Every structure is written in C-alpha cells, then in structure tokens.
Engineer: 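The structure under discussion is supplied below as structure tokens; questions concerning it will follow.
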Amino acid sequence: MRLVLVGPPGAGKGTQAVRLAERLDIPHISTGDLFRANLQSGAETPLGLEAKRYMDAGDLVPDAVTVAMVRERLAEDDAGKGFILDGFPRNLSQASSLEQLLTERGEAIDSVVEFQVPEEELVQRLLGRGRNDDTEDVIRRRQQVYRDETAPLLAHYGDRLITIDAVGSVEQITDRVADALRSR
Ligand code: AMP
C-alpha cells in the first residue's frame, strides 16, 4: 500500500505514521525526520544545513532539495513493497513530482489520509511539544503555510482522500484510519 498522510502541524501525523507503518508492515518516510537526521550535531550534512534556515522560519524547504531527497529514499529496497509518506508532498508542485516519480516505477498513491484537528487545539499541542522550531511565531507560520500551500492538495487528491477526525486517543485514531483503509 502507498499512502500519503496530510494534516496541519500538530495533528498527530507522525505518531500515527509510526503506528500505521507497523500495522501495515511498510516503511514510514517523514521528510521532516530526514531533514532533522541531516542536522544531528556532529553529523550535519550540506543538505541539512541548507534546510535548516527554512525549518527555523517555519517555511518549506525548496522543492528541488526536498524532491531529490524523497527520490533517493524511495529508491531504497524497503520502499518497494509500499510506504507511508508523512509530510510529503506539501504543495501541488511536490505532488506532481511525486506522481512523475511513481509513474516511472509503474506505481501510484492508493490513498491520502487527512487528519483534521481544530486550529486552537493544534497550537496548544505544539506549544507542549518543545521541539526547536516550536516557538509560537514559527508554529503560526507553519499553520499558515499549511493553509496556503498544503491544503490545496486535498482537492487535488479527490476520491483518493480519506478524512479522519483526529481528536481522540492515539489508539482511537489509529483504529479510525485502519478501519477507513479497510473499507475502501
Ligand atoms: P515536520 O517534521 O513535517 O513538521 O517538518 C518540519 C519542517 O521541515 C517543516 O516546517 C519544513 O521546514 C521542513 N519540511 C518537511 N517536509 C517538507 C516538505 N515536504 N517540503 C518542504 N519542507 C519540508
């Protein structure tokens, strides 16, 4: 199965991606995690350093950098049996690059899962998380980038879109997604 998870920052995508990857036995690919791995102290790479200033501002890393990184990750063996993309694509241009990349492999995205959470709750959750890029200004900027650049993907994916109410316990939400995927 090839899945894309979409949702505003703080919607719990990352947590759910890990759990779903385990249930479905496919790799979890998070572009945010890949960027952060390239920034680990003592192991910074040019890619990580390039990404850092965008991440610190809550802006999207340029598409060329991001798409090249995803292309490399998808070329690894474990992604042959399917994958869960978490945080990619984040705009329409990345979505079309992904489509192109998958078409070359004779593949396509099966479903896109949207995690819905009211905005006031998102900001509270993120302020409690304490990541480097979780200051209030940057959080608000990331929410705005989501509304402006990422939300248009929802219409783009049309009937492949599954919308999940992402308020509830971690277990409840995983079950909702798993049920929705099963009944497709
Ligand atoms: P995340 O861990 O998904 O919240 O991502 C953290 C930060 O990494 C974002 O605020 C962006 O700066 C960057 N990032 C992650 N995924 C992407 C992407 N698909 N395109 C551009 N920038 C991204």
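As a basis for the values below, the full set of heavy atoms in this structure was taken, side chains included, without hydrogen atoms, waters or symmetry mates. This is a predicted model, so every value here is computed, not measured.
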Engineer: Answer yes or no: is there an ion pair linking Arg23 with Asp175, defined by an N-O contact shorter than 4.0 Å?
Structural biologist: yes

Engineer: Between the side chains of Thr163 and Glu114, is a donor N or O closer than 3.5 angstrom to an acceptor N or O?
Structural biologist: yes

Engineer: Is Asn132 atom CG crowded by more than 12 heavy atoms from other residues, nucleotides or ligands, each under 6.0 Å away?
Structural biologist: no

Engineer: Closest approach of Ala11 and Leu122, non-hydrogen atoms and distance?
Structural biologist: N-CD2, 3.6 Å

Engineer: List the steps and the verdict of side chain to side chain contact (heavy atoms under 4.5 Å, CB included) for Asp78 and Phe83.
Structural biologist: CA-CA 8 Å; Asp78 64 343; Phe83 47 78; over 6 Å; no

Engineer: Answer yes if Val18 and Leu20 sit in the same cluster of Ile, Leu, Val, Met, Phe, Trp and Tyr residues linked by side chain heavy atoms under 4.5 Å apart, and no otherwise.
Structural biologist: no

Engineer: Quick one: do Val6 and Leu24 end up in the same hydrophobic cluster if we chain Ile, Leu, Val, Met, Phe, Trp and Tyr together by side-chain heavy atoms under 4.5 Å apart?
Structural biologist: no

Engineer: For the pair Gln40 (side chain) and Asn38 (backbone), establish whether a donor and an acceptor sit closer than 3.5 Å, ignoring hydrogens and angles.
Structural biologist: no

Engineer: Mind jotting down which residue pairs meet the salt bridge (Lys or Arg N to Asp or Glu O under 4.0 Å) criterion with at least one end in residues 2-21? Sequence neighbours excluded, please.
Structural biologist: Arg2-Glu107

Engineer: I'd like to check the side chain to side chain contact (heavy atoms under 4.5 Å, CB included) partners of Asp165; sequence neighbours left out, ordered by chain and number.
Structural biologist: Val167, Arg176

Engineer: Minimum heavy-atom separation for Asp63 to Ser93, with atom names?
Structural biologist: OD2-OG, 2.9 Å

Engineer: Quick check for you: to the nearest 0.5 Å, what is the distance between Asp25 atom CG and Met1 atom CE?
Structural biologist: 11.5 Å

Engineer: Excluding sequence neighbours, so at least two apart, what forms side chain to side chain donor-acceptor pair (under 3.5 Å) with Ser96?
Structural biologist: none

Engineer: Between Asp59 and Arg53, is there a side-chain N and carboxylate O pair less than 4.0 Å apart?
Structural biologist: no

Engineer: For Glu119, check salt bridge (Lys or Arg N to Asp or Glu O under 4.0 Å) against everything at least two apart and list the hits.
Structural biologist: Arg147

Engineer: I'd like to check the side chain to side chain contact (heavy atoms under 4.5 Å, CB included) partners of Val61; sequence neighbours left out, ordered by chain and number.
Structural biologist: Phe35, Ala51, Tyr54, Met55, Val65, Thr66

Engineer: Passes side chain to side chain contact (heavy atoms under 4.5 Å, CB included), Leu92 versus Glu149? Steps please.
Structural biologist: CA-CA 8 Å; Leu92 288 167; Glu149 302 196 42; over 6 Å; no

Engineer: Determine, stepwise, if the pair Thr15 / Phe115 fulfils side chain to side chain contact (heavy atoms under 4.5 Å, CB included).
Structural biologist: CA-CA 12 Å; Thr15 304; Phe115 292 82; over 6 Å; no

Engineer: Where do Ala57 and Val138 come nearest, in terms of heavy atoms and distance?
Structural biologist: C-CG1, 4.1 Å

Engineer: Got a sec, which residues hit salt bridge (Lys or Arg N to Asp or Glu O under 4.0 Å) with Glu104, two or more places apart in sequence or on another chain?
Structural biologist: Arg71

Engineer: Please tell me whether Ile162 and Val112 are part of a single hydrophobic cluster in this structure, the criterion being side-chain heavy atoms less than 4.5 Å apart.
Structural biologist: no

Engineer: To the nearest 0.5 Å, tell me how far Ile84 CD1 sits from Ile26 CD1.
Structural biologist: 4.5 Å

Engineer: Measure from the side-chain N and O atoms of Thr174 to the backbone N and O of Gln16, and report whether any donor-acceptor pair falls under 3.5 Å.
Structural biologist: no

Engineer: Count the heavy atoms belonging to other residues, nucleotides or ligands that lie under 6.0 Å from CG of Asp179, then report whether that count exceeds 12.
Structural biologist: yes

Engineer: Tell me every residue that passes side chain to side chain contact (heavy atoms under 4.5 Å, CB included) with Leu34, counting only those two or more places apart in sequence or in another chain.
Structural biologist: Ile29, Met69, Arg73

Engineer: Count I, L, V, M, F, W, Y as connected when their side-chain heavy atoms are under 4.5 Å apart, and connections chain through other members. Are Leu181 and Ile109 then in the same cluster?
Structural biologist: no

Engineer: Supply the members, apart from Leu60, of the Ile/Leu/Val/Met/Phe/Trp/Tyr cluster built from side-chain contacts under 4.5 Å; use none for a lone residue.
Structural biologist: Val145

Engineer: Provide the closest heavy-atom pair for Pro89 versus Leu98 in the form atom of the first, atom of the second, distance.
Structural biologist: CD-CD2, 3.8 Å

Engineer: Might you point out which heavy atoms bring Pro8 and Gln143 nearest each other, and give the distance in Å?
Structural biologist: CB-OE1, 3.6 Å

Engineer: Below 4.5 Å, heavy atoms only, C-beta onward: do Val4 and Val113 meet side chain to side chain?
Structural biologist: no

Engineer: With a sphere of 6.0 Å drawn around CD of Gln144, does it hold more than 12 non-hydrogen atoms of other residues, nucleotides or ligands?
Structural biologist: yes

Engineer: Using the rule that Ile, Leu, Val, Met, Phe, Trp and Tyr join whenever any side-chain heavy atoms are under 4.5 Å apart, tell me whether Leu161 and Val177 fall into a single cluster.
Structural biologist: no

Engineer: How about Leu5 and Leu85: do any of their side-chain heavy atoms sit closer than 4.5 Å?
Structural biologist: no

Engineer: Working to the nearest 0.5 angstrom, can you tell me the gap between Gln94 CD and Thr31 OG1?
Structural biologist: 7.0 Å

Engineer: Between Gln100 and Thr103, is the side chain to side chain contact (heavy atoms under 4.5 Å, CB included) condition met? List the steps.
Structural biologist: CA-CA 5 Å; Gln100 214 175 321; Thr103 304; 5.7 Å; no

Engineer: Any donor and acceptor pair, going by atom type alone, linking the side chain of Ser111 with main-chain N or O of Leu3 inside 3.5 Å?
Structural biologist: no

Engineer: Can you find a pair of side-chain heavy atoms, one from Leu153 and one from Asn91, that are under 4.5 Å apart?
Structural biologist: no

Engineer: For residues Ile173 and Gly168, report the shortest heavy-atom separation together with the two atoms involved.
Structural biologist: CD1-O, 3.6 Å

Engineer: Using a strict cut-off of less than 4.0 Å between a Lys/Arg side-chain nitrogen and an Asp/Glu carboxylate oxygen, indicate whether Asp110 and Arg160 qualify as a salt bridge.
Structural biologist: no

Engineer: Using only atom types and a distance under 3.5 Å, with no angle test, would you say the side chain of Glu121 pairs donor to acceptor with the backbone of Pro118?
Structural biologist: no

Engineer: For Asp134, what residues pass the side chain to side chain contact (heavy atoms under 4.5 Å, CB included) criterion, not counting sequence neighbours?
Structural biologist: Leu126, Arg129, Arg131, Ile139, Arg142

Engineer: Measure the OG1-CG distance between Thr135 and Leu127 for me, rounded to the nearest 0.5 Å.
Structural biologist: 8.5 Å

Engineer: List the residues meeting side chain to side chain donor-acceptor pair (under 3.5 Å) with Glu99, not counting sequence neighbours, and say none if there are none.
Structural biologist: His156

Engineer: So, using salt bridge (Lys or Arg N to Asp or Glu O under 4.0 Å) as the criterion, who are the partners of Asp137 when residues are at least two apart?
Structural biologist: none

Engineer: Going by salt bridge (Lys or Arg N to Asp or Glu O under 4.0 Å), name the residues that satisfy it together with Glu136, two or more places apart in sequence or in a different chain.
Structural biologist: Arg140

